[in-house]
Amino acid sequence: MKDLIENQIPYQVEFKIRKEDTKEIRDIYSTATYDSEQHVVFGVILDVTELKKTEEEIRMLGNAIHQSPSAIVITNSSGEIIFVNSKFTEMTLYPFSEIQGKKPHIFYPGYIPENELKKMWDKLQNNGMWKGEYLNERKDKSQYWTAVTISPLFDKKGGHCNYILVMEDITLKRQLREELIHAKEKAEEADKLKTSFLANMSHEIRTPLNSILGFSSLLSNTDFSVNEKNDFIQRIKISGENLLAIVSNVMDISKLEAGQMKILDSTIQLYKFIQDFYDQYLYKVENLNIDFQLDANINEQTFIISDETKIRQVLTNLVENALKFTQEGYIAIGVSESRSNGHITFYVEDTGIGIPEEYHKMIFERFRQVEMSETRQFGGNGLGLAISKNLVEMLGGKIWLESEFGKGSTFHFTIPKQIASENKN
């Protein structure tokens, strides 16, 4: 610049100087214009330090708005859009050219009630800040949730000149929040179910134990005949079996939850297996008013490779349930082979009390019973069907029911003819 001044060349420059007294650096703007005789006809020297700071602040604020992780919308005093940042377009799929001059309610058509909109404007008109969460709609009609904050911007006279909207996509947050609420409700429900289960277990264990202890003490009484004592022994045996079944169920559900249940596969002659299973229950129903049926719709030489013990356990749980809830009519055990997908289908059908439709989905959950009160008519610990579902799925199959309250139930389950390697432990 020294050369420009010495040679009297017109110039406009900005430079920095250091004030000698404070060592402070200032921004200076200088300009000069010369006439034909090289005389200065116009010259200005300005301290533009504060102006530079203001420009830097404006640049920084502009970058902050454009690069903000939140969508930002600025409207005029009438609520018409005059600016959006790039995050807004990314979130809504609307380019600025398509929404300029429109009002923000196009993003949430029909999802904000009129009374809520009125409350929002009343608050903004009274210089307040408004916050809310609403379901919005993108340009492609997909929906998403946003947390919206709207603030008024004021002119020098204190009037509303603009409104600024800051929008954050909270779809995932809401989903996680709803999942946490659902998990909390499930945990509370599980706690209630466990409490009910423990109360039921207390009753279920005490009943056979009292029977065992009571009839055992009667055996030592010489006043009873041999036939009566044999009856006592039979009752003790039945109570012992019931108690063992309760303990086995508790152990099984614990093993299943811990992932310690093992698959032991073997070759099973299916017709012989289902016939033997049917025969073992004939004695249990001979004194009941029930027609016990077998429908073995398979070839006598059909073989499968699976875990025989677990199939028997599932069938046992289903038949025991049918016996518990059926006072008259029939109970049928069936098995058939699917030629299309190589699966075997079993079923247990009864003409018992049936299961209301609202219980169909939850009946396979652990500790679940249609009767949950302590005064329930039928016994049980609510584990049999949960165990059955887990065992069937371990074998690579699925289980479901068809039932109508008062008209009986049919439980079906399928398993592959040969258990897949990934289902083996």
Side-chain angles (χ1 to χ4, degrees), residues 186 189-190 192-204 207-208 238 241-242 245-246 249 253 274 277-278 280-297 311-336 345-393 397-415:
K186 290 287 288 183
E189 183 182 20
K192 291 178 182 177
L193 287 173
K194 285 183 179 180
T195 301
S196 176
F197 167 73
L198 291 173
N200 291 346
M201 283 295 293
S202 176
H203 171 78
E204 291 295 317
T207 299
I238 293 172
E241 290 174 350
N242 291 339
I246 293 169
N249 276 345
I253 201 70
I274 200 67
F277 181 84
Y278 171 76
Q280 80 178 37
Y281 269 96
L282 283 176
Y283 81 94
K284 280 194 172 186
V285 300
E286 60 183 359
N287 295 321
L288 301 177
N289 187 30
I290 295 174
D291 180 21
F292 195 53
Q293 304 171 4
L294 174 62
D295 176 22
N297 188 22
I311 299 173
R312 186 182 301 276
Q313 186 174 353
V314 174
L315 284 171
T316 298
N317 286 337
L318 298 180
V319 172
E320 290 292 340
N321 273 353
L323 287 170
K324 185 192 304 182
F325 297 111
T326 305
Q327 301 301 314
E328 59 182 8
Y330 70 87
I331 295 175
I333 303 172
V335 59
S336 61
T345 300
F346 297 86
Y347 73 85
V348 175
E349 182 180 1
D350 66 61
T351 54
I353 63 173
I355 301 170
E357 186 174 356
E358 61 265 27
Y359 287 94
H360 285 194
K361 290 184 178 179
M362 66 177 68
I363 200 70
F364 292 105
E365 297 176 12
R366 57 181 184 162
F367 312 138
R368 285 287 192 181
Q369 293 176 289
V370 175
E371 292 183 302
M372 296 299 292
S373 67
E374 294 183 1
T375 58
R376 67 195 194 285
Q377 178 182 353
F378 303 97
N381 51 44
L383 293 178
L385 289 176
I387 291 171
S388 297
K389 180 177 184 294
N390 277 273
L391 293 178
V392 168
E393 290 175 352
K398 62 179 182 178
I399 187 169
W400 70 96
L401 81 153
E402 297 171 353
S403 185
E404 185 176 347
F405 186 63
K407 296 186 178 180
S409 304
T410 304
F411 284 84
H412 307 262
F413 71 93
T414 64
I415 59 170

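Please read all numbers here as calculations on a predicted model, not as lab measurements.
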Review item, side-chain donor-acceptor pairs of residues 285-293, under 3.5 Å, at least two apart:
{"residue": "Asp291", "atom": "OD2", "partner": "Gln293", "partner atom": "NE2", "Å": "2.8"}

### Query
Taking only residues two or more places apart in sequence, or in another chain, which ones meet Thr414 in a side-chain contact (heavy atoms from CB on, under 4.5 Å)?
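Checked Thr414 against side-chain contact (heavy atoms from CB on, under 4.5 Å); matches are His343, Thr345, Lys398, Trp400.
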### Message
List the residues meeting side-chain contact (heavy atoms from CB on, under 4.5 Å) with Asn390, not counting sequence neighbours, and say none if there are none.
### Response
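In terms of side-chain contact (heavy atoms from CB on, under 4.5 Å), with neighbours along the sequence ignored, Asn390 is linked to Leu256.
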### Task
Would you name the heavy atoms of Thr351 and Gly329 that are closest together and state the gap between them?
OG1-CA, 3.2 Å
### Query
Hey, is the main chain of Leu401 close enough, under 3.5 Å, to the side chain of His360 for a donor-acceptor pair?
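Absent.
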### Query
How far apart are the C-alpha atoms of Ile311 and Phe346, what are their side-chain angles, what is the distance that settles it, and do they pass the side-chain contact (heavy atoms from CB on, under 4.5 Å) test?
CA-CA 10 Å; Ile311 299 173; Phe346 297 86; 4.0 Å; yes
When rounded to the nearest 0.5 angstrom, what is the spacing between [atom1] in [X] and [atom2] in [Y]?
X	Y	atom1	atom2	value
Ile331	Leu323	CD1	CG	4.0 Å
Leu391	Ile399	CG	CD1	9.0 Å
Ile353	Lys324	CD1	NZ	10.0 Å
Thr316	Ile387	OG1	CD1	12.0 Å
Glu402	Phe411	CD	CZ	11.0 Å
Glu349	Thr326	CD	OG1	10.0 Å

### Short N-O contact, Glu393 and Lys389, less than 4.0 angstrom
yes
Under the side-chain hydrogen bond (donor to acceptor under 3.5 Å, both in side chains) rule, collect the residues that match up with [X], sequence neighbours excluded.
X	result
Asn317	Ser388
Ser403	Ser409
Tyr347	Asp295

### Task
Would you check, one step at a time, whether the test side-chain contact (heavy atoms from CB on, under 4.5 Å) holds for Phe325 with Asp350?
CA-CA 9 Å; Phe325 297 111; Asp350 66 61; 5.8 Å; no
### Query
Would Phe277 and Val319 count as a side-chain contact (heavy atoms from CB on, under 4.5 Å) if you check the C-alpha gap in whole Å, the side-chain angles of each, and the deciding distance to 0.1 Å?
CA-CA 10 Å; Phe277 181 84; Val319 172; 3.8 Å; yes
### Message
Tell me whether the count of non-hydrogen atoms from other residues, nucleotides or ligands lying under 6.0 Å of CD in Glu358 goes above 12.
### Response
yes
